Every structure is written in C-alpha cells, then in structure tokens.
Amino acid sequence: VKRPQPRASLAFALILTAIGLMILNVAGFLQPVESLALRPLGAIQGWVSLRYAAVRDLLGSPNDITSLRGQNAELEAQVAQLQQQIVSLQEQVAEARILAALVNYAREQPDSSYLASKVIGRDVSPFLRSIWIGNGSDSGIERNMPVVTEQGLVGRVVEVFATASRIQLVTDPAAAVNVRLQTSRADGVLAAQLNGELSVDLIDQNKTVTPGELVLTSGLGGGFPADIPIGKVISVQKRDFAVFQQAVIQPSVDYANLEIVLVITNFRPIPVTTPSP
Amino acid sequence: MGYLIGIPLMALLAALQSTLMTQIHFLDGRPDLVLLAVVGWSLTGRSEEAMAFGLAGGLLLDLYSGLPLGFSAILLILIAYLISFAQGRFWESHILLPLGVMLIASGLYHAGGIGGVLLIGHPINFLAAATRVALPSTFLNLVLILPVAQLAAGISEAMASPQVTV
C-alpha cells in the first residue's frame, strides 16, 4: 500500500490550517485574536519604524558626520552619543512641528474633533494603498472615520483593532471620493491609479475646468465632510466624443511620507446600502 | 532549532516589510523579505521548516495587510512545498539555478497576490500590476536570492546536523 508522503501531509495540514483561519477570519471570529496579536506586532512595527526614522535622519545629515570624522576616538564616542541625542531631539522637533501644524489646522476647524495618531507602517501588499496608525478602538476610532492632515485628505479608516487601525489612502484604486472643483463648481469622482496618480473623473463636459483649480471633497454621498482639500488640477483632458471630461490632479498631501495624521472622530458617515431588487 | 530562529525572524521580516521596505522600491515593486526567506530556506533542503515558516510569515504578513488572513500563508506554504519536490535534484549542480526557482516562486506569489486583491473585490489594473509591481518586485527578488540562499545555506550548516531523508 502506497502511504502518503509525510511532506505532502504536512503541506496539506498547514494549508488546511491557513484555510481554517481564513474562514474563521471572514466569519469575524478572529477579530479578538487579531486585536491581541496586533498589540505586540504593532509595538514591533512602531519600534522598527522609529529606529528606521532615526537611521534615515542620521544618514541624511552629512555635515554632522563629516565633523565627527575629525575628532579623536574619545571625542568621537562622546560626539556620537551627543549625535544620538540630537537625532532624537530632531525627531521630536520634527514631530512637534507636524503636531503644531495639525493643531493649527484643528483650531481652524472647530466643528470637528480630532485624534492625532502616528503612522506605524504601510500595507505589505503592493497592490493596496493603505497605512497603519498606532491607535484603534481603545482610543475611540471607528470604521469609516475620515483621516486628514493639515495639507488635506488622507483617507478613511477601513479596519480597526484595539491598538491599531488601517487607513485606506485616497490613492488606493478602491477609494472613490466625491469631489468638487472650487472655481468651476464642477462635481466629479476621484480616481486613483496603482502608481498613486490621481485624477477626477465624471466631470460634466459643459463645465470649464482650468489648471490650478483646487479640488475639495464635495460631501456628496456622506462618506467625507465637505471642503477638505485633496489637490489641484494640473491638466484637463476634454474630448468632444467623450461623455465626461477628466482632470489630472497634483495631490496636496505627500502620501509617501506621512508621519502623523488626524482622525476626525465626530464625523458619522452615512451608510450606503444597496437597494434590494 | 530552526523553528526557534525562524518564527521570530518571520515576525521581524514582516515588520520590516511593512516599514522599511515601503521606502525601498523600484517603480512600485519591493523585495519580498518573507518570500525570500521561505525560498532561501527551502533551497537548503529543510522543506518542512520552510513550510512552517511560510505559515507563520504569511499569517504575520496578512495581519499587516488588507488581504484576507491566511491568504499569503497558503501561497508561501505552496511555494515551499513545490520547491521541495525538486529537493536535491538539480539546483545544487549550478549556483545560478536558485534564480530560476525564485523567478517561478515570485511569479506565483504575485499572481496569487493579484488573485487575493480580486478576491476582496478590490479593483486592479492588470497591466499596471504586472509592469509596475510584479516585474520590478521579481527583479529585486532575483537580485537578492543569491546572497539570501548563500546565507541560508551558511545558517543551515552552522545549525544542528542536517536532516536525513530515508
């Protein structure tokens, strides 16, 4: 009798385990376990992120490194120690600057309540554009809450765990945001490409859109508050045979270098349900 | 012994993938650290351990991702299992043959990744996904697999006596 190979049995058992976990996750039974697992993992992610930022900033300051080279061994050790403190302080200053800008922004929008949160990582799948922040349901964050910086709209909360949340960026192809062009008052829908390029689709052909116009959230659909900046128009594609015109936009937020974001905690998105046939 | 090193290493690699690797990219492609580790370890002939690493690494990656939990784990276990089929048959004969293994593994991994994105109903532009993400990532994985395979072989030899298949 031919017995099954132990390696095949192991692979089968492991795949079965993964499928079982996937089913339990889809059914929502693993939410508490994921929340529990994300506590230490979020801490690791935060730790790695912090160290990476410190090393990046250290490498990005060549003048300091050049001056260190001229010192003798004893002084070098001392300077290195001071350098470490400087990097740490520079990080804190940079963070304070970001927070100050965010506080100013929050003051200008007194109707909204904000929660500042640190970006601790990004989605590991290159096909999804999302970031992880270091606050979750323990801090009062809920699904679909909008996320902004002082520069404009970042995205919305799509997954919430106890101590971390996943934010779908507006540069994700699945993130459809209703927008309005400030000068022409034309409405449209924000469309993102996989490379992060943003454009506004479904603009009425009769509207005159000009480069440089500001693109804001329209508030239509109830997914986001109105009048949050997203970017400005850099070019317009208008074809006579097309039903709508399209505008390519330059985002106002640098999505590749987000460090701290604001979650709007008092905005309640209007749930959209598909009508039954 | 391998498990003691491997599982924490997978946690570290998954965290690095979510932080450092998002800053190191070629077009939109990035090196897939966990895939590299699983393939590298499979190439040493420790396929059972590699499959377990695939499960642990995949689950950790999925925790940091919007993909369904367990999806990457299935892909990585399958890749480790497929590599085990040819274990000891041909790649020890030529140093460049791990490149062929990585090419297939990376292709499968990214095809699976696109499948996962479709599974959750996420829109995707196949041409952009292939040219901007899958191909550059595969290129970076190919560049890194030779040192990773050498490193894995070194660690494997330094560890306890190799497994013997009877």
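Since the structure is predicted, the reported quantities are computational estimates derived from the model, not experimental observations.
- Side-chain atoms of A:S252 come within 3.5 Å of backbone atoms of A:Q151 as a donor-acceptor pair (strictly under, hydrogens ignored).
- B:P136 is not listed as a side-chain neighbour of B:D28, based on a closest heavy-atom distance of 4.5 Å or more.
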*Evaluate side chain to side chain contact (heavy atoms under 4.5 Å, CB included) for A:N135 paired with A:V263, printing each intermediate quantity in order.*
CA-CA 10 Å; A:N135 291 86; A:V263 183; over 6 Å; no
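- Of all residues spanning residues 19-31 of chain A, those with a heavy atom less than 4.5 Å away from chain B's heavy atoms are A:I19, A:L21, A:M22, A:N25, A:L30, arranged by number.
- Heavy-atom pairs under 4.5 Å with chain B were tallied for A:V158, A:D172, A:I120; the largest tally goes to A:D172.
- With a threshold of 4.5 angstrom between heavy atoms, A:A256 approaches chain B through N, CA, C or O but not through any side-chain atom.
- The shortest heavy-atom contact between A:A176 and A:V189 is CB-CG1, 4.1 Å.
- In this structure, A:L169 and A:V154 have side chains that are in contact, with non-hydrogen atoms separated by less than 4.5 Å.
- With contacts defined as side-chain heavy-atom distances shorter than 4.5 Å, the pair B:V34/B:L76 qualifies.
- With a 4.5 angstrom heavy-atom cutoff, A:L38 touches chain B only via side-chain atoms.
- For the set A:V119, A:N257, A:L41, A:T17, the entry with the most heavy-atom pairs within less than 4.5 Å of chain B is A:L41.
- With a 4.5 Å cut-off on side-chain heavy atoms, B:L43 and B:V101 count as touching.
- Shown here for A:A162 and A:R39, the closest heavy-atom pair between the two residues is CB-NH2, 3.6 Å.
- The distance from atom CG of A:L258 to atom OG1 of A:T149, rounded to the nearest 0.5 Å, is 6.5 Å.
- Remark: side-chain polar atoms of A:S35 are not paired, donor with acceptor, to backbone N or O of A:F161 under 3.5 angstrom.
- Contacts between B:L61 and chain A at a heavy-atom distance below 4.5 Å involve backbone atoms as well as side-chain atoms.
- The stretch residues 122-131 of chain A places A:R122, A:D123, A:V124, A:S125, A:P126, A:F127, A:L128, A:R129 near chain B, each with some heavy atom under 4.5 Å from a heavy atom of that chain.
- Residue B:A80: no heavy atom, backbone or side chain, is found under 4.5 Å from chain A.
- Here the side chains of A:I264 and A:M145 are not in contact, with every heavy-atom distance at 4.5 Å or above.
- Comparing B:R132, B:M21, B:H122, B:R30 by how many heavy-atom pairs each has under 4.5 Å with chain A, the most go to B:H122.
- B:D62 places no side-chain N or O within donor-acceptor distance of the main-chain N or O of B:L67, the cut-off being under 3.5 Å.
- Residues in residues 59-79 of chain B take part in no ring-ring contact (aromatic ring centres under 6.0 Å, His included) pair, two or more places apart or across chains.
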*Can you list the steps and then say if B:S156 with B:W41 is a side chain to side chain contact (heavy atoms under 4.5 Å, CB included)?*
CA-CA 8 Å; B:S156 177; B:W41 205 242; 4.2 Å; yes
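- Heavy atoms only, all atoms of each residue included: B:G40 and B:V148 are closest at CA-CG1, 4.3 Å.
- For B:L55, the part sitting under 4.5 Å from any heavy atom of chain A is the side chain, from C-beta outward, and nothing else.
- Listed by sequence position, B:H110, B:G113, B:I114 are the residues of residues 102-115 of chain B in contact with chain A, using a 4.5 angstrom heavy-atom cutoff.
- Top candidate by heavy-atom pairs under 4.5 Å with chain B, chosen from A:Q168, A:Q193, A:R166, is A:R166.
- Looking at A:Q45, both its backbone and its side chain come within 4.5 Å of chain B, counting heavy atoms on both sides.
- Closest of all the heavy-atom pairs between A:P173 and B:P123 is O-CG, 3.5 Å.
- Counted by atom type alone, A:D138 and A:T163 present zero donor-acceptor pairs between their side chains at under 3.5 Å.
- The side chain to side chain contact (heavy atoms under 4.5 Å, CB included) with A:L190 is formed by just one residue from the set A:T217, A:T171, A:V170, A:L202; it is A:V170.
- Looking only at side-chain heavy atoms (C-beta outward), B:F126 and B:L118 come within less than 4.5 Å of each other.
- The greatest number of non-hydrogen atom pairs below 4.5 Å with chain A, out of B:N125, B:V117, B:L63, B:L16, is found for B:L63.
- The most heavy-atom pairs under 4.5 Å with chain B, out of A:I44, A:V48, A:L14, come from A:L14.
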